[in-house]
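Below is one structure, written out as structure tokens, with a few remarks after it.
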Amino acid sequence: GIPIDLQCDTRDPDRLFANNYQGGNFLSEDGGATWQNASTGYSGAQVIGVAVDPSNPARVYATARSGAWVSQDGGATWDGIHNPEESNSLTGVECGSVGIDPGQAGRVLLTCYSGFFTLDPTSNRWRQDPTPAGIHPGTSEIEFAPSDPRTIYVTSASHNTMIHRDVYEDGWGILASHGGGDTWQAITGDALQDAVTSDVAVDPADANVVFVAAENGLFKTEDGGASWTLASSLMQDLPVRT
């Protein structure tokens, strides 16, 4: 990582903490000669996505500005996700979203600024997939349709844009896959062209009914993204708690 802050224990000048961008927190007790990981239970990164394995709730995936992480004990400890023998390392790159395939145990989809990745449950290895046309790999949300796990929706926008819209770029599109992620098609539509889309939700009973949260409103499709309508007016009918 990139050290961004150092703190010295006022009671012991040989005891140092170093906080690292893309690297976590580290402790030295011998004046910096050696270091140990002090990041258990701590994240110094902007965490963007979280997914819990439905077949094993203790397994949790997280995506952040410092990379992708997995916990096997419900978040008590975390390990970075990477392919140490390969050049397409997942460590230290910005990752946007993660989705767990409800139709195939152990299969996980992950998106980072370096590309799309899939965890193959057979080999338990991550492979890098081609980034689909019409979208940036820095996606904001991945959602599998509960009624049809082969149908997946992806919204794409920079996490920075969602915070500082006047500084960063436009949205990067919406994709749909009806083949479990093997092939994709753009379903952005005119209403959402260039809009920052931060979230997507799929009707549990109908894979073609989808809601997308965007900077210009809440949009709904009933035909899998072939057409979109502004659904924000539906919120007017929600009861108000006083």
Side-chain angles (χ1 to χ4, degrees), residues 47-63 68-72 74-75 81 95-112 116-122 124 126-127 129 132 134-135 137-157 159 162 171-189 191-192 195 197-214 217-232 234-235 237-238:
V47 178
I48 303 164
V50 176
V52 180
D53 191 334
S55 63
N56 179 9
R59 184 178 297 118
V60 185
Y61 292 88
T63 51
W69 306 82
V70 61
S71 173
Q72 305 290 351
I81 294 173
C95 295
S97 55
V98 58
I100 299 175
D101 190 340
Q104 186 177 359
R107 183 170 182 263
V108 182
L109 301 186
L110 179 69
T111 63
C112 300
F116 275 49
F117 296 86
T118 300
L119 177 61
D120 186 337
T122 302
N124 198 35
W126 291 91
R127 71 167 188 267
D129 300 324
I135 202 166
T139 63
S140 52
E141 189 68 25
I142 298 173
E143 285 291 335
F144 288 81
S147 63
D148 178 14
R150 297 285 292 169
T151 297
I152 313 168
Y153 294 94
V154 172
T155 59
S156 185
H159 55 274
M162 291 184 274
W172 293 326
I174 305 171
L175 292 179
S177 175
H178 299 285
D182 293 333
T183 58
W184 298 88
Q185 65 183 92
I187 57 168
T188 306
L192 291 165
T197 54
S198 58
D199 203 1
V200 57
V202 187
D203 189 311
D206 190 338
N208 289 315
V209 177
V210 184
F211 288 87
V212 167
L218 178 68
F219 287 82
K220 179 183 180 181
T221 180
E222 296 182 341
D223 50 20
S227 61
W228 295 91
T229 57
L230 186 65
S232 302
L234 298 175
M235 296 181 181
D237 299 326
L238 295 177

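Please read all numbers here as calculations on a predicted model, not as lab measurements. Position 1 is the first residue of the sequence, and the numbers go up from there.
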Quiz prompt | Between OG1 on residue Thr122 and CZ on residue Arg107, distance to nearest 0.5 Å | solution = 10.5 Å
Quiz item: With distance as the sole test, does Ser177 use its side chain to make a donor-acceptor pair with the main-chain N or O of Thr151 at under 3.5 Å?
Solution: no
Exercise. Quick one: closest heavy-atom pair of Ala195 and Ala214, and the distance?
Key: CB-CB, 4.5 Å
Quiz item: Taking all non-hydrogen atoms of both residues, which atom of Pro204 and which atom of Ser147 are closest, and how far apart?
Solution: O-CB, 3.3 Å
Quiz item: CD/Glu222 to CH2/Trp228 distance, rounded to the nearest 0.5 angstrom?
Solution: 11.0 Å
Quiz item: Which heavy atom of Gly99 sits nearest a heavy atom of Phe144, and at what distance?
Solution: C-CE1, 3.7 Å
Quiz prompt | Exercise: do Thr63 and Ser97 side chains pair donor with acceptor under 3.5 Å | solution = no
Exercise. Output the distance between atom OG1 (Thr111) and atom CZ (Phe117), rounded to the nearest 0.5 Å.
Key: 9.5 Å
Quiz prompt | Where Ala207 and Asp148 come nearest, the two heavy atoms and their spacing | solution = CB-CB, 4.1 Å
Exercise. Look up atom CD1 in Ile187 and atom CG in Leu192, then write down how far apart they are to the nearest 0.5 Å.
Key: 9.0 Å
Practice problem: Would you check if the side chain of Tyr61 reaches a backbone N or O of Gly49 as a donor-acceptor pair within less than 3.5 Å? | Solution: no
Exercise. Work out which heavy atom in Tyr153 is nearest to a heavy atom in Asn208; give both atom names and the distance.
Key: OH-CA, 4.0 Å
Self-check item: Contact check, side chains of Val108 and Trp126, non-hydrogen atoms, under 4.5 Å
Solution: yes
Quiz prompt | side chain to side chain contact (heavy atoms under 4.5 Å, CB included) between Phe211 and Asp199, intermediate numbers included | solution = CA-CA 8 Å; Phe211 288 87; Asp199 203 1; over 6 Å; no
Practice problem: With rounding to the nearest 0.5 Å, note down the distance linking CG in Leu218 to CG in Leu230. | Solution: 7.5 Å
Practice problem: Report the distance from atom CZ of Arg150 to atom CG of Asp101, rounding to the nearest 0.5 Å. | Solution: 8.0 Å
Quiz prompt | Heavy-atom pair with the smallest gap, counting every atom of Ile152 and Gly181 | solution = CD1-N, 3.6 Å
Quiz prompt | Residue that, paired with Ile174, satisfies side-chain contact (heavy atoms from CB on, under 4.5 Å) out of Val154, Thr197, Thr221 | solution = Thr197
Practice problem: Answer whether the closest heavy-atom distance between the side chains of Leu119 and Leu110 falls below 4.5 Å. | Solution: no
